[in-house]
Trainee: 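Questions regarding the structure given below will be posed in turn.
Hydrogens, waters and symmetry mates play no part in the numbers below; they use all other heavy atoms, side chains included.
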Amino acid sequence: MANSQLDSLDYRILKMLSLNARKPYLEIARECNVSGAAIHQHIQKMQSLGVIKGSETLIDPASVGYDTCSYIGFFLSDPSKFDEVVEKLQEIPEVVECHYTTGKYDLFIKLYAHNNGHLLQIIHDKLQNLVSVRTESLISFKEVFKRQIPIVEQ
């Protein structure tokens, strides 16, 4: 387990990066009272352990024309087709998340569409063509907040 290989400096670095992934290494080093090289080494270690999986630029979907956010639960009539369905979902650019879940749904996805008409087109033209699948859709009116997981030393 990766967290057994993390020390208190690693957790301090993770906390800072979770608040601002673009924070310069030298600024992190100053706040932690260590060298920039030490920060670089710790970040490299956490990347090789898979703790840090990269960084991303967050784009406001509405600002680029995606006004409808939808969550869709999938009921697979043949659960052995899971991998095939996931492969097909990966080909749909509007699908931004896919989760294998417990409970009511076999799969749960998040997707963005330009508007409700576009969402309906995606459902009819792309999702209903998947192997033996029934869906249930929820539309998000507004994302109230989104945040990183809390970083606390274990």
Side-chain angles (χ1 to χ4, degrees), residues 1-23 25 28 32 39 42-154:
M1 181 175 260
N3 68 355
S4 65
Q5 298 175 26
L6 301 180
D7 60 27
S8 61
L9 179 56
D10 293 324
Y11 281 101
R12 288 181 68 195
I13 294 167
L14 286 173
K15 189 166 192 164
M16 286 185 225
L17 290 176
S18 73
L19 297 172
N20 179 4
R22 295 181 59 170
K23 190 167 194 161
Y25 288 6
I28 295 171
C32 294
I39 297 300
H42 279 261
I43 290 174
Q44 292 283 70
K45 173 186 81 172
M46 290 187 286
Q47 287 172 334
S48 69
L49 289 172
V51 174
I52 296 176
K53 295 185 177 211
S55 61
E56 60 185 6
T57 299
L58 300 175
I59 299 167
D60 174 36
S63 71
V64 291
Y66 288 91
D67 293 324
T68 300
C69 174
S70 179
Y71 296 89
I72 301 176
F74 286 74
F75 303 92
L76 302 179
S77 59
D78 183 359
S80 71
K81 302 288 186 184
F82 172 80
D83 291 335
E84 185 179 338
V85 171
V86 170
E87 278 183 33
K88 289 181 180 181
L89 287 170
Q90 287 176 321
E91 295 172 7
I92 302 170
E94 294 88 355
V95 175
V96 297
E97 292 181 21
C98 179
H99 302 269
Y100 186 56
T101 63
T102 63
K104 187 175 181 179
Y105 307 111
D106 297 305
L107 283 170
F108 198 72
I109 67 168
K110 178 179 181 181
L111 70 79
Y112 284 98
H114 296 297
N115 51 44
N116 289 347
H118 184 219
L119 174 61
L120 184 61
Q121 177 191 2
I122 293 168
I123 291 170
H124 282 285
D125 297 346
K126 298 178 181 179
L127 299 182
Q128 289 184 344
N129 292 333
L130 298 174
V131 180
S132 305
V133 68
R134 186 172 63 84
T135 63
E136 185 173 285
S137 303
L138 303 165
I139 293 177
S140 169
F141 290 125
K142 179 181 177 182
E143 183 177 279
V144 180
F145 70 86
K146 181 177 181 174
R147 62 179 163 208
Q148 288 282 355
I149 57 168
I151 304 298
V152 292
E153 191 170 346
Q154 304 283 316

Trainee: I need the Met46 CE to Leu9 CG distance, nearest 0.5 Å.
Mentor: 7.5 Å

Trainee: Can you tell me how far the CG atom of Leu111 sits from the CD1 atom of Ile123, to the nearest 0.5 Å?
Mentor: 7.0 Å

Trainee: Enumerate donor-acceptor pairs with a distance under 3.5 Å from any side-chain N or O in residues 93-102 to protein atoms, sequence neighbours excluded.
Mentor:
from	atom 1	to	atom 2	distance (Å)
Glu97	OE1	His99	NE2	2.9
Thr101	OG1	Tyr105	O	2.7

Trainee: So, taking the atom named CG in Leu89 and the one named CZ in Phe74, what distance separates them when rounded to the nearest 0.5 Å?
Mentor: 5.0 Å

Trainee: The test is side chain to side chain contact (heavy atoms under 4.5 Å, CB included); show your working for Asp10 and Gln5 and say whether it passes.
Mentor: CA-CA 9 Å; Asp10 293 324; Gln5 298 175 26; over 6 Å; no

Trainee: Show your working on side chain to side chain contact (heavy atoms under 4.5 Å, CB included) between Leu19 and Ile151 and close with a plain yes or no.
Mentor: CA-CA 10 Å; Leu19 297 172; Ile151 304 298; over 6 Å; no

Trainee: Quick one: closest heavy-atom pair of His114 and Gly65, and the distance?
Mentor: ND1-O, 2.8 Å

Trainee: The test is side chain to side chain contact (heavy atoms under 4.5 Å, CB included); show your working for Leu76 and Phe82 and say whether it passes.
Mentor: CA-CA 8 Å; Leu76 302 179; Phe82 172 80; 4.3 Å; yes

Trainee: Main chain of Leu138, side chain of Ser70: is a donor-acceptor contact present, judged purely on distance under 3.5 Å?
Mentor: yes

Trainee: For Ser140 and Tyr71, which heavy atoms make the closest approach, and how far apart are they?
Mentor: CB-CE1, 4.0 Å

Trainee: Within this structure, what is the SG-CD1 distance for the pair Cys69 and Ile139, rounded to the nearest 0.5 Å?
Mentor: 9.5 Å

Trainee: Rounded to the nearest 0.5 Å, what separates atom CD1 in Ile39 from atom CD in Gln44?
Mentor: 12.5 Å

Trainee: Without swapping roles, check the side chain of Lys88 against the backbone of Asn129 for a donor-acceptor pair under 3.5 Å.
Mentor: no

Trainee: Enter the distance from Lys45:NZ to Leu6:CG here, rounded to the nearest 0.5 Å.
Mentor: 5.5 Å

Trainee: Does NZ belonging to Lys15 count more than 12 external heavy atoms closer than 6.0 Å?
Mentor: no

Trainee: Show your reasoning for whether side chain to side chain contact (heavy atoms under 4.5 Å, CB included) applies to Ile109 and Thr135.
Mentor: CA-CA 10 Å; Ile109 67 168; Thr135 63; over 6 Å; no

Trainee: Grab the two heavy atoms, one from Met16 and one from Cys32, that are nearest each other, plus how far apart they are.
Mentor: CE-SG, 3.3 Å

Trainee: Pairs in or reaching into residues 142-151: which pass side chain to side chain donor-acceptor pair (under 3.5 Å), with residues at least two apart or in two chains?
Mentor: none

Trainee: Could you report the tightest heavy-atom contact between Leu17 and Lys23, atom names first, then the distance?
Mentor: CD2-O, 4.4 Å

Trainee: Taking side chain to side chain contact (heavy atoms under 4.5 Å, CB included) as the test, write out the residues that go with Ala62, two or more places apart.
Mentor: Asp60, Asp67

Trainee: Angle between ring planes, His118 versus Tyr66, binned at 30° and 60°: parallel, tilted or perpendicular?
Mentor: tilted

